[in-house]
Amino acid sequence: MPLVLPAGDPDAQRRAAGVLARGDLVALPTETVYGLAADATDPEAVARIYEIKGRPSFNPLIVHCVDVDEARAHGSIDARAEALAERFWPGPLTIVAPRRTESRIADLVAAGLDTVALRVPDAPAARAVIALLGRPLAAPSANRSGRITATSAADVVEEFGEGVPLILDGGRCRIGLESAIVALLPGEAPRLLRAGGVPAEDVEAVLGTALRAPGAGVEAPGMLASHYAPSARLRLDARDVRQGEALLAFGAPVEADTVLNLSEGGDLREAAANLFSHLRALDRESERIAVMPVPEEGLGIAINDRLKRAALREGGEGGGT
Ligand code: TXA
Ligand code: MG
């Protein structure tokens, strides 16, 4: 059995912050649903989330902030977003905004996108843990991929068993439904990416404009055209390096002038943690990237899914928004 402690207990909150600080996961209640939280600035901790959720691809995660000031440090909150934050934070609204370049949020949190999903939860225990840790939390809903969202500590235990070392128990979640997600990006009309805890009409009333409804593919932002894709051409399953290619290695590398290794020891969690930042770095260095094979198991399935998508892009067309 994982350790289950009362969410309102300051000692339990300190303990949770300690677990997160050492790179491990904590499940905790928010007003919407239980979240499976990691330090958002620790790429390996974030990789653990994908691993334990069993996601076959990297779906970007929501960054939970202690207050609007912290949110502003990680995303460019424009006037429209400010108005929504003022009205609905803390609360069940998530705002997708351009990611600030100086933000220390791990690339894996946004699955390589240059946007970030931000929210300030209306849950004192969650905010206390964020404050104690001193860093925001990346947290998807605390259920395994494709399963029903957890709204009680018992649900979380059922989902993950021993997989999560500490669960904070705050009873049933008040709202029991995930946050509404609104994208506020430069030069774009506001878009509703997911209906949720705040009714769309209430958001529209504050914005003074209608929200564009979710469209095809929105459930999987990893597939959107705006998803970060390298402008370099990728050659997958590479066992050698050709003239002019940079190498994205996995395991013991072959000789190359420009090489970054996802994990010399062949560790998939480390590889996931490095994937997007290494891709970005090599993309700056070279127009062609050879990618060594990554085993199709565990987190390797998500890594390969992302690599295949990146390889499908025609050179030059990518670059993201
Ligand atoms: O109420 C909630 O939002 C809960 C609690 C724990 O905060 N969290 C939650 O997380 O529902 P999750 O991972 O189950 O759903 C997050 C959604 C995903 O559909 C993801 O695609 C979207 O947010 N998302 C995250 N970052 C995004 C981004 N940069 N652009 C577009 N969509 C994004
Ligand atoms: Mg979910």
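Numbers for residues simply follow the sequence, beginning at 1. Counting starts at 1 for both ligands and their atoms, in listed order.
Listed by atom number, the atoms of ligand 1 under 4.0 Å from L113 heavy atoms are 28 (C), 29 (N), 30 (N). Less than 4.0 angstrom separates some heavy atom of R194 from each of these atoms of ligand 1: 2 (C), 3 (O), 9 (C), 11 (O), 15 (O), 16 (C), 17 (C). Close contacts of ligand 1 with V33, meaning ligand atoms under 4.0 Å from a residue heavy atom, involve 4 (C), 5 (C), 6 (C). Annotation for ligand 1: atoms under 4.0 Å from non-hydrogen atoms of L193 are 31 (C), 32 (N). Close contacts between ligand 1 and T115 involve ligand atoms 28 (C), 29 (N), 30 (N) [criterion: under 4.0 Å to a heavy atom]. Atom numbering of ligand 1 starts at 1 in the shown order; those under 4.0 Å from a heavy atom of I181 are 17 (C), 22 (C), 23 (O).
Remark: the R174 side chain and the T32 side chain contain no N/O donor-acceptor pair separated by less than 3.5 Å. Counting only N and O atoms by type, the side chains of N304 and E296 include a donor and acceptor under 3.5 Å apart.
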Please list, one pair per line, the donor and acceptor atoms closer than 3.5 Å that link side chains of residues 248-260 to other protein atoms, with sequence neighbours excluded.
none

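Using a distance-only test at 3.5 Å, with no hydrogens or angles considered, no donor-acceptor pair links the side chain of R235 to the main chain of M292. One N or O on the side chain of R194 and one on the backbone of S179 form a donor-acceptor pair closer than 3.5 Å. For the pair Y34 (side chain) and T149 (backbone), a donor-acceptor distance under 3.5 Å is absent. Formation of a donor-acceptor pair under 3.5 Å by the E204 side chain with backbone atoms of A210 is not found in this model.
Counting heavy atoms under 4.0 Å from ligand 1, residue T149 does not touch it at all.
Which of D114, N143, V109, N59 comes nearest to atom 19 (O) of ligand 1 through a heavy atom is settled by distance: it is N59. Proximity annotation for atom 24 (N) of ligand 1: of A97, A126, P60, G176, P60 comes nearest, heavy atoms only.
The count of protein N, O or S atoms under 2.8 Å from the Mg ion (ligand 2) stands at 1, with waters excluded from the count.
Closest approach of R119 to P92, counting heavy atoms only: NH1-CA, 3.7 Å.
For R99, the side-chain hydrogen bond (donor to acceptor under 3.5 Å, both in side chains) partners are D107, not counting sequence neighbours.
Under a 4.0 Å heavy-atom criterion, H64 is in contact with ligand 1.
Each side chain to side chain donor-acceptor pair (under 3.5 Å) pair with one or both residues in residues 1-28, not counting sequence neighbours, appears once here: D11-R14.
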